[in-house]
Structure formats: C-alpha cells, structure tokens
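We name chains A, B, ... by the order of the sequence lines, and we start the count at 1 in each one.
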2 protein chains.
Amino acid sequence: MAVSARDVARMAGVSVSTVSRTLARPDQVAPETRDKVVAAARALGYRANPAARSLITGQTGTLGLVVPDLENPYFTSVTKGVQKRAQAAGYALLVADSDEHSGQEAELVRNMASRVDGTVLCSPRASDDVIAGLAQEFRLVLVNRRVGDIPAITVDNADGVRQALHHLRALGHGRVAYVGGPRDSWSHGERLAAFRSIGAELDLDLVELGNFRPYVSGGVAAADILIASGATAVLAYNDLLALGLLERLRQRGVRVPEDLSVVGVDNVPVAALTSPALTSVEVPRMESGRAAVDLLLAEVREGVHTAGATQDLSVQLVVRGSTGTPAAAGGAAVRHPAGVVTT
Amino acid sequence: MAVSARDVARMAGVSVSTVSRTLARPDQVAPETRDKVVAAARALGYRANPAARSLITGQTGTLGLVVPDLENPYFTSVTKGVQKRAQAAGYALLVADSDEHSGQEAELVRNMASRVDGTVLCSPRASDDVIAGLAQEFRLVLVNRRVGDIPAITVDNADGVRQALHHLRALGHGRVAYVGGPRDSWSHGERLAAFRSIGAELDLDLVELGNFRPYVSGGVAAADILIASGATAVLAYNDLLALGLLERLRQRGVRVPEDLSVVGVDNVPVAALTSPALTSVEVPRMESGRAAVDLLLAEVREGVHTAGATQDLSVQLVVRGSTGTPAAAGGAAVRHPAGVVTT
DNA sequence: CTGAAAGCGCTAACAC
DNA sequence: GTGTTAGCGCTTTCAG
C-alpha cells in the first residue's frame, strides 16, 4: 500500500487531521507544525488518495471527454486542447471514443459520470432529447452542438460557409456542390443550411451531393457523383472528405483546381500537405477544447449551472492551391466579375 | 447526491451487503432476492460509486496512458487502440500528453498513478533510470521502449529498416540518407543502429543527417541538407518527417521519386494521400495499443508482475509512388543490379 | 491552533 | 443465503 496520511502524521508527530489541514489550508496551521508536516510528507513521498478524498468531497479532480473518433485529426486537436487545459488546471482527463456511433454516446457519458466532475461532449450525434436528458443528470459542456441552453462551444459555421462561397463566387464559379457529412451531425446541418441560404443570396447554382461518412473514404465515394454533377467547385463538410475528393479526382484525371475547385472545413494539418494544398475554412480546434474546459471548470467551481454560458468562435478561410478560376473544360464561364469581399 | 446502495437496499427490503453481493456475485444470492435487488437497482438507476469501491478494493477500474504528442497521428492511433481495448474490458482511460518533453513524463505518470490500476507509457523520452524507477513504484507497460525487463510492446524496427534498405538497394540506390528523430527516442536509436549495420551489409553508401523534431517542420528543415548530401534515397525516422521532406523537395524542384526516393516509417493514414504517395514501413499502430492494454490487464488481474512479458510486433513495407529507380539527375548510377528480395 | 470523532459509500469477513 | 460489523483514507465539524 502507498503511504497514507497516517504515516505522515506519525512521522511528523501530529494527528491525521493536521496533516489534512496543512495540505488544504496551510495558513490555518502553525508555521512550525506546517514545516514538520511538509517535511514528513515530502520525505515519504505522500500523495493523498483521490478516492478517499472524492468520497468525502464529492469531487473527483477528473474531467471527461467523449468524441466521435479519436483518429479524426479534428477531434485529435480538440482532445489535445482539452487535455492541456485540464492538466493546467490540475485535472486528470478521461477520454472515450464513440466510433461515430450515436447510440454509444449516452452510455459513455453515463459510464464516466461517476468518475468525473463534468464531461465535454464533442460533436455528439445523439438526438436533442437524449442530450438534454444527459445534461439534466450530469454536468455537461457541448462542443459543436446546441441543445437548449446547455453550455456549449460552437464555431461560426455559417460564416465559414459564407467565406467559402463568396470566395468561390469571386473566382467566378457558378455551379457549386456541397458534399455533406453525417446526417446526425449538427455542424453538417448548420453548414448545409448556410450553403443553401448564402448560395441563394449569391445567386449560385447549388447542388447537394448527399451525406457521406466523414472519412477520406467518404470523399472518394462522393467524387464520381461530384464529377457527374457538372459543378465547377465543391465545398466539403470537412477536410477528410475534401481529401478523399482530391484523391479520387486525381485518379479520374480531373485537374484541381483547373477543372474543379475544392474547399474543405477544419484546416487540419494535413490539408497543407497535399498537392495542390487544400483550401479550407480554419476552425479553432484546440481552442474549442480549451474553451470547453473553461466553461466546465467555471461550473464545477461555482457549483452553479451557468445556464446558457456559451461561446461561438470565429473561423477563417485559408486559401491554398486547390481553388482557382474555373477553366474552359467542364467549367462554367465567369458570369460575374470577381468583386466580392471575403472579409 | 446520487442514489446509493442504501437506497437500493431500502427499496428492495434487504441489507446493503446483499445489494453489493448481488452485483458482485449474483450466484451467491437467492434468485428471488436477486430479482428484487436488480429491479430496485434498475428502477433507481443505481451505479456503484467507484471512489468508495476503490477505497476498499484498491482497484480503480481505470487505466492510464501517457504519450509524447496526441496530435501526432501515430500516437493518435495508439491512443485509439488503447482506448478501445480498455473500454472493451470495462476500464476507463486517463490520457496525458507530455508535449515531447521528456522531463514531464515521470510527473504525469506519478500524477495519474493513484487514479489508475496501471499505466501505458508510450514512446517515453525519459532516461532508463527514470523509467526503471517509475516501474518499481507503479504498474507500467512500455510501448516502443525496452528498459530492463519491464513489460513492453515494441515493433521490429530493425526489420523495418531492413525491408526499406533492401527495397532501395533493389531499386539501384547506392547512396542513402537517414533523417533522424529525437535523440532521446529509443525507436530512433534502434532505427539508426539498423540503418548502419544493414546499410553496411548491403554495401550502401550511408549518410546520417542528424536529429530532427518528429514533425513535418523537422522534415522541411532536413530537406536542404538532404539535397546537399548527394543521396539518391532517404529513409526518415517517421512519416511526419518524410512528409516534411516531400513538401520542401517539391518547393526546391527536386522530383520525387525521379530524383530522390523517400521512405517513411509508421504508414500513417495521410501517407497515402500525398502525391506521390509516400512509401512507408507500416507498423501496427492500434495493435500496439491493444497489446499494451492486454499486458497491463494480465498483470492487474493476476496481481503479479509478469516480468519480461513483452511482445515484438512485426512490420511491413508499403510501397507507393515515392520510391523509384534513381535517375540520371543528381543520381548515382545503378551500381548493383536489382536482385534483392524484399520479403 | 490542534486532536478526537464521525462518516463519505462501499466491500469483505464473520456470524447467524 | 443474508445481515451485522468493521473499516478503506480522507475531510470536516466540534471541542478543547
């Protein structure tokens, strides 16, 4: 067994409660007593047993995180952000992966609930009802999802789509496609809605290609449909999909950006590495994680449900090689001169 | 407060110990009592408090994982493997990231030690002494590191390098460079040693380019030195480095694979997405994580230190577009006809 | 300022 | 088969 407070107490010649008090509120203890205790604790390498502490305080000193897929570089970054912030605040981090399976999310949250002081639920695919139920039972912060007034961190999806479409429009594209993500993804819903409304505003000829799994393979699957659609530009739900598109387009001999322009979302690190490099809407990945932890800790510490405390982070289009002016090929001619400011 | 065993006991009309027993060893309880208890537990949504349980059993039902960098796709995959296996075994997973800082590793392990039943320490950069000390104090399984007879999962680095060099040799390359990873990385040491010995065996003209941080930026930094070295082929410590090489080589107008062949290690998913796609030594990423958990659980369950229980996983070169026969350009002529079998 | 006492929720002997 | 008892290691009143 590890060294306990009793060992420290014995060595320092004080009682267990003094040991506890010394570590919790050093100022309420006589300086010399404190020194003795601290010395003994250090000598023995004492670390308070978190289980025993939890039992009495009701706090675990641990936070939870549930993501759809750890291998998706977007979630990887969010995870890193959450981890760093939690660590900085002295909290440990429990991580679970739902494998893009909406049914598992609630179960995972429930499983970790008794081990954590609060949970960050990132990009959940579960229904509003399920999430609302969870939030009622446990301390929850959502990322990339809005459900009632549950505290949440989101990004300005509509603005990202706006930047992308204005950019494509400015380049002269007339017919633009959207390769959708998971049907149950809230972000997908937001992006699709923005695609429709902003595309209409810009008088763009829109084509929706359907829903695809948010992996490279999804993009590969969507590419042929895209080619057949006659669009000269495409916005993908995320970079993984866009990367899959790029891959298959190359196979099919469709040149990017000469024949077709591609824009992704997330600006994951690998987007810069393909050739041509992928143009993408950068979203603050780590920052979302950090902000979520801040929200969670604010609640934990104040013990209150800071209802409605949310944050909508801004995004920024990063233009790289994969967007360009439509060529003669299958391309629509430039119908409107470029002149739209893309902020 | 959540519902406790006492609530269940009261509702079922039994004692607390019967509740506990019913959940732990249902067969040692009368069927009808069991039914009552189970019904009550379900009705109340009872979940045993893990802190209270830990306190008495000394087990936490949680495993720990420490990696150098969550954003490195290699570690991401290991993490996913660890998470999946832990989850499958009914364990929660605590994750910490040392940010490639060797000094932090011991601290992170210590911090989580009291919250977990054991820790997977992946690719640690710390010294043997530090790690040996840690292992003496806590239950530890190493990944990509061998220290004494601490249980460990490794991959056959020498064989990977062998496959890569034989492949390059078969293609006719005579002068081959190695772009090293972190000096403190055990895998780097293994790969470098194999590069030297196998390179010598093959009568290759070897050039060592030094140590670089295992990121894309490291590869970018190494590329110019590589070009100046006159090598016609290069093996990089890992794919991130290789990707950085590819990026900078393109900028410099060096054609891959015509002028220079590049081989990476890990075969991370993005290796397939560049053009030309990266040839890489595939290592079992998730599998390493799963195997590590299996080792850990074996110890936890048997309570014994299965000293020396280790596993060396095999690897496999994946040949893609980025390796080819050296061209006239800066290239050494084919000095030995290709004829080496690359297994 | 410090110690004694009570108990967090659970499990594990030990009786019955 | 089931209840009673005694803690696990810690924090926290409450006395002194």
Side-chain angles (χ1 to χ4, degrees), chain A residues 1-41 44-62 90 92 111 113-117 303, chain B residues 1-41 44-62 90 92 111 113-117 300-301 303:
Chain A
M1 265 299 138
V3 10
S4 76
R6 224 166 71 193
D7 302 323
V8 178
R10 186 158 21 216
M11 182 169 181
V14 298
S15 73
V16 213
S17 29
T18 299
V19 173
S20 172
R21 207 178 292 119
T22 304
L23 272 41
R25 287 174 301 283
D27 44 299
Q28 287 181 30
V29 128
E32 23 178 274
T33 312
R34 189 192 330 166
D35 293 347
K36 277 191 299 184
V37 172
V38 170
L44 297 171
Y46 171 69
R47 300 215 159 203
N49 179 330
R53 174 176 289 166
S54 301
L55 201 49
I56 180 124
T57 63
Q59 306 252 307
T60 61
T62 302
N111 276 150
S114 47
R115 300 173 192 278
V116 301
D117 294 336
Chain B
M1 267 298 137
V3 8
S4 76
R6 224 165 73 193
D7 302 323
V8 178
R10 188 160 18 218
M11 183 169 180
V14 298
S15 73
V16 214
S17 38
T18 299
V19 173
S20 172
R21 205 179 294 119
T22 304
L23 272 41
R25 285 174 302 281
D27 43 300
Q28 287 181 31
V29 127
E32 24 178 271
T33 314
R34 188 192 330 165
D35 292 348
K36 275 191 299 185
V37 172
V38 169
L44 297 172
Y46 171 70
R47 299 215 158 203
N49 179 331
R53 174 177 289 166
S54 301
L55 202 49
I56 179 128
T57 62
Q59 307 251 307
T60 61
T62 302
N111 276 149
S114 48
R115 301 173 191 279
V116 302
D117 295 335
V300 170
R301 283 171 176 158

Problem set entry | Residue pairs passing the side chain to side chain donor-acceptor pair (under 3.5 Å) test where at least one lies in residues 28-38 of chain B, sequence neighbours excluded | none
Exercise. Over how many whole Å does the gap from A:L23 atom CG to D:dT12 atom P extend?
Worked result: 12 Å
For this session: Please report, rounded to the nearest Å, how far the C1' atom of C:dC8 is from the CG atom of A:L55.
Result: 4 Å
Exercise. With a 3.5 Å cut-off and just heavy-atom distances, do the side chain of B:R34 and the base of D:dG1 make a donor-acceptor pair?
Worked result: no
Exercise. Rounded to the Å, how far apart are A:R47 CZ and D:dC10 P?
Worked result: 13 Å
Problem set entry | Flag if over 12 foreign heavy atoms under 6.0 Å of CZ, B:R47 | yes
Problem set entry | Those residues of residues 7-19 of chain B lying under 4.0 Å from DNA chain D by at least one heavy atom | B:V14, B:S15, B:S17, B:T18
Exercise. In whole angstroms, how far is the C1' atom of D:dG3 from the CD atom of B:Q28?
Worked result: 15 Å
Exercise. B:D35 has an atom CG; how far is it from atom P of D:dG1, in whole Å?
Worked result: 14 Å
Exercise. Step by step, would you call B:S17 with B:S20 a side-chain hydrogen bond (donor to acceptor under 3.5 Å, both in side chains)?
Worked result: CA-CA 5 Å; B:S17 38; B:S20 172; over 6 Å; no
Problem set entry | side-chain contact (heavy atoms from CB on, under 4.5 Å) involving B:A113 - partner list, sequence neighbours excluded | B:F138
For this session: Give the rounded distance in Å between these two atoms: CZ of A:R53 and P of D:dT11.
Result: 5 Å
For this session: Using whole Å, report how far CZ of A:R25 lies from P of D:dT11.
Result: 9 Å
Seminar exercise, completed: When rounded to the nearest 0.5 Å, the distance separating CG of B:D27 from OG1 of B:T22 is 10.5 Å
For this session: Consider the side chain of B:A52, meaning its heavy atoms from C-beta on, and name the nucleotide among D:dT11, C:dC10, C:dT2 that approaches it most closely.
Result: C:dC10
Problem set entry | Five-pair end axes of the helix from C:dC1-D:dG16 to C:dC16-D:dG1, angle between them (10°) | 40°
Seminar exercise, completed: By side-chain contact (heavy atoms from CB on, under 4.5 Å), A:T62 pairs with (sequence neighbours left out) A:T60, A:A92, A:L94, A:V116, B:L94, B:R115
Exercise. Can you tell me how far OG of A:S4 sits from CG of A:N49, rounded to the nearest 0.5 angstrom?
Worked result: 9.5 Å
For this session: Would you give the length of the straight line joining atom OG of A:S54 to atom CG of B:L55, rounded to the nearest 0.5 angstrom?
Result: 9.5 Å
Exercise. How long is the line joining CD1 of B:I56 and C1' of D:dA6, in whole Å?
Worked result: 9 Å
Exercise. Below 3.5 Å, does any donor atom in the side chain of A:R21 face an acceptor in the base of C:dG3, or the other way round?
Worked result: yes
Seminar exercise, completed: Across all chains, not counting sequence neighbours, the salt bridge (charged side-chain N to carboxylate O under 4.0 Å, His left out) partners of A:R10 are A:D7
